[in-house]
Chemist: 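Okay, here's the structure, questions in a sec.
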Amino acid sequence: MEISVGHTPDSDDAFMFYGMFTDKVPSPDFTVNHVIEDIENLNLKATNPELDVTAVSVHACAYIPGYTILRSGGSFGINYGPIVTAKKQMTIEELKKCKIAIPGKMTSAFLLLQLMIGKFDYVEMNFSDIPKAVESGEVDVGLVIHETQLSYEQEGNVKILDVGEWWDKTTNGLPVPLGINVMRTDLGMDTIVKFDKYLQSSIEFGIENFEDAIEYAMQYSRGKERPLIEKFVKMYVNQVTVNMGDSGEQAIRKLFEMAKEKGLVPDFEISIATK
């Protein structure tokens, strides 16, 4: 069966798909065509299903009823996640008066920050442009994701809020639900579970062949040095990535329970692949 698979031009996604996309982990069931796009573009594509499988922000699940969440391939932070940066320290009250650069309205980072500080004024940007926009003064504050959450000091900025730490304390240690992979529900649960296991095998292969998988992932390093990319991959390819388990599922459900209470997402039913 030929299927289209969307992922982001990020080192952690590339690491996870290394075994699959290089045919080092072959499948008797699937032939994969991969599509690489920014996460917010993939979120928007998923609202009118174009891809059979795609990476999306967890937040996007509120708007993509045609997809089922896979149990493997999720990006969950363990007491870390998106951060808020600026040129200088400021209080939350000062922060709320600023226009904050965000990496997209459907990103999980945007939803999490709204849960943390309430609704705020924002401007959307490609996530990789945010640190420079903060550093140059184009914006006062930036909501930072991906590997740029590790390099903000090199870019001349300071961390003023840690959304991941807030989530960890608020939920008594649930992993921070950020990105996941989803598959078209109309393909049927048998096919979904089969692909889920295939993706899990690819992730496990990457972990077992770490150096080679990192080398492959470096093509999406955006000029960052290898030690930083290794650190980033180790942060976001963890045991909850291999299989979200009960804690990952609870984290996703908790996120939407909190968001629905505050009217930040519509009422909807989550679909998650069977174990």
Side-chain angles (χ1 to χ4, degrees), residues 1-10 12-17 20-21 27 29-30 32-77 103-112 145-146 175-203 236-237 240-256 259-260 265-275:
M1 176 183 180
E2 192 168 302
I3 59 166
S4 52
V5 176
H7 78 86
T8 65
D10 302 311
D12 59 332
D13 268 22
F15 183 96
M16 287 189 271
F17 285 104
M20 183 184 293
F21 290 161
S27 167
D29 303 299
F30 301 104
V32 173
N33 296 318
H34 65 126
V35 176
I36 300 174
E37 295 218 23
D38 174 74
I39 189 61
E40 190 69 345
N41 290 340
L42 292 177
N43 288 338
L44 294 167
K45 264 189 198 285
T47 59
N48 181 22
E50 290 183 38
L51 298 168
D52 300 318
V53 176
T54 183
V56 292
S57 302
V58 172
H59 182 192
C61 291
Y63 307 97
I64 54 171
Y67 282 102
T68 292
I69 298 171
L70 301 182
R71 304 194 74 85
S72 60
S75 294
F76 290 85
K105 286 193 289 187
M106 291 175 75
T107 60
S108 302
F110 179 54
L111 180 58
L112 285 161
I145 61 172
H146 297 323
V176 188
L178 298 169
I180 36 145
N181 285 277
V182 295
M183 191 164 189
R184 275 178 36 218
T185 304
D186 62 6
L187 292 171
M189 191 57 76
D190 287 349
T191 300
I192 291 169
V193 169
K194 207 175 275 186
F195 184 83
D196 209 353
K197 289 190 165 65
Y198 179 31
L199 177 54
Q200 182 172 325
S201 297
S202 180
I203 298 163
Y236 286 108
V237 182
V240 197
T241 307
V242 176
N243 188 308
M244 71 168 66
D246 292 338
S247 65
E249 185 169 342
Q250 284 169 22
I252 292 170
R253 294 189 186 280
K254 181 68 175 175
L255 176 70
F256 287 122
K260 285 176 185 177
V265 296
D267 195 25
F268 73 103
E269 288 298 319
I270 297 173
S271 174
I272 300 179
T274 53
K275 293 181 183 179

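Bear in mind the structure is a predicted one, so any value in this text is a computation, not a measurement.
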Chemist: Evaluate the side-chain proximity of Met106 to Thr47: yes if any heavy-atom separation is below 4.5 Å, no if none is.
Modeler: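 Side chain of Thr47 against side chain of Met106, heavy atoms only: contact under 4.5 Å found.
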Chemist: How close do Ala273 and Met189 get, counting heavy atoms only, and between which atoms?
Modeler: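 For Ala273 versus Met189, the nearest heavy atoms are CA-SD, 3.9 Å.
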Chemist: Quick one: closest heavy-atom pair of Leu70 and Asp196, and the distance?
Modeler: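 Scanning both residues completely, I find the closest heavy atoms to be CB-OD1, 3.5 Å.
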Chemist: Do Leu199 and Phe17 come close enough that some side-chain heavy atom pair is under 4.5 Å?
Modeler: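 A side-chain contact exists here, since the closest heavy-atom pair is under 4.5 Å.
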Chemist: Return the NZ to CZ distance between Lys197 and Arg71, rounded to the nearest 0.5 Å.
Modeler: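 Lys197 NZ to Arg71 CZ: 10.0 Å, rounded to 0.5 Å.
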Chemist: Over all heavy atoms of both residues, which pair between Tyr67 and Ala46 is shortest? Give the atoms and the distance, please.
Modeler: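 Tyr67 and Ala46 have their closest heavy atoms at CE1-O, 3.4 Å.
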Chemist: Between the main-chain N or O of Val242 and the side-chain N or O of Ser72, is there a donor-acceptor pair closer than 3.5 Å?
Modeler: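 Side chain of Ser72 to backbone of Val242, a donor-acceptor pair under 3.5 Å: no, none is there.
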Chemist: I would like to know whether Met20 and Phe30 meet side chain to side chain contact (heavy atoms under 4.5 Å, CB included); could you show each step before the answer?
Modeler: CA-CA 10 Å; Met20 183 184 293; Phe30 301 104; over 6 Å; no
Chemist: How about Pro65 and Phe268: do any of their side-chain heavy atoms sit closer than 4.5 Å?
Modeler: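 No; the side chains remain at least 4.5 Å from each other.
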Chemist: Strictly distance-based, threshold 3.5 Å: is any side-chain N or O of His59 a donor or acceptor partner for the main-chain N or O of Thr107?
Modeler: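 Such a contact is found between His59 side chain and Thr107 backbone.
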Chemist: Looking at every non-hydrogen atom in both residues, tell me the closest pair between Ile203 and Gly73 and how far apart they are.
Modeler: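 Looking at all heavy atoms of both residues, the shortest contact is CD1-N, 3.4 Å.
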Chemist: Could you state the interatomic distance from OG (Ser57) to CD1 (Ile64), rounded to the nearest 0.5 Å?
Modeler: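 That separation rounds to 9.0 Å.
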Chemist: Does the ring center of Phe15 lie less than 6.0 Å from the ring center of Tyr236?
Modeler: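 No, they do not, as the ring centres are separated by 6.0 Å or more.
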Chemist: Heavy atoms only: give me the nearest Pro175-Val240 pair and the separation to one decimal.
Modeler: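 Reported closest heavy-atom pair: CG-CG1, 4.4 Å.
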Chemist: Pair Glu50, Val35 - check side chain to side chain contact (heavy atoms under 4.5 Å, CB included), show working.
Modeler: CA-CA 11 Å; Glu50 290 183 38; Val35 176; over 6 Å; no
Chemist: Less than 4.5 Å apart, any side-chain heavy atom of Ile252 and any of Phe76?
Modeler: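 Sidechains of Phe76 and Ile252: in contact.
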Chemist: With a 4.5 Å heavy-atom cut-off, do Ile39 and Pro103 have their side chains touching?
Modeler: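 In short, these two side chains do not touch, never coming nearer than 4.5 Å.
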Chemist: Considering all heavy atoms of both residues, which atom of Ser108 and which atom of Pro177 are nearest to each other, and what is their separation?
Modeler: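 Scanning both residues, the minimum pair turns out to be CB-O, 3.7 Å.
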Chemist: Restricting to side-chain hydrogen bond (donor to acceptor under 3.5 Å, both in side chains), what partner residues turn up for Thr185, sequence neighbours left out?
Modeler: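 Expected list: Thr68.
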Chemist: Taking the side chain as every heavy atom from C-beta outward, state whether Val5 and Phe195 have any atom pair closer than 4.5 Å.
Modeler: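 Yes, at least one pair of side-chain atoms sits under 4.5 Å.
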Chemist: Check whether any side-chain heavy atom of Phe256 lies under 4.5 Å from a side-chain heavy atom of Val58, and answer yes or no.
Modeler: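 The answer is yes; the side chains approach within 4.5 Å.
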Chemist: Go through the steps to decide whether Lys275 and Asp246 satisfy the test salt bridge (charged side-chain N to carboxylate O under 4.0 Å, His left out), and finish with yes or no.
Modeler: CA-CA 10 Å; Lys275 293 181 183 179; Asp246 292 338; 2.8 Å; yes
Chemist: Does Asp38 use its side chain to pair, donor to acceptor, with the backbone of Glu40 at less than 3.5 Å?
Modeler: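 Yes, Asp38 side chain to Glu40 backbone: donor-acceptor pair under 3.5 Å.
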Chemist: Roughly how far apart are Tyr198 OH and Thr191 OG1, rounded to 0.5 Å?
Modeler: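 The OH atom of Tyr198 sits 14.5 Å away from the OG1 atom of Thr191.
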Chemist: Considering the options Asn33, Leu51, Val32, which one meets the side-chain contact (heavy atoms from CB on, under 4.5 Å) requirement together with Ile3?
Modeler: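 Option passing the side-chain contact (heavy atoms from CB on, under 4.5 Å) with Ile3: Val32.
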Chemist: Kindly say whether Ser75 contributes a backbone atom to a donor-acceptor pair with the side chain of Thr241 at under 3.5 angstrom?
Modeler: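 Side chain of Thr241 to backbone of Ser75: no pair is present.
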Chemist: Are side-chain heavy atoms of Leu112 and Leu178 found at a separation under 4.5 Å?
Modeler: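 The answer is yes, as the side chains (C-beta and beyond) meet within the 4.5 Å cut-off.
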Chemist: Supply the atom-to-atom distance Asp13 CG to Phe21 CZ, rounded to the nearest 0.5 angstrom.
Modeler: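 The distance works out to 8.5 Å.
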Chemist: For the atom pair CZ (Arg184) and CD1 (Ile192), what is the distance rounded to the nearest 0.5 Å?
Modeler: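 Between Arg184 CZ and Ile192 CD1, I get 9.5 Å after rounding to 0.5 Å.
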Chemist: Which value, rounded to the nearest 0.5 Å, describes the distance between His7 atom NE2 and Leu42 atom CG?
Modeler: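 Separation between the atoms: 9.5 Å.
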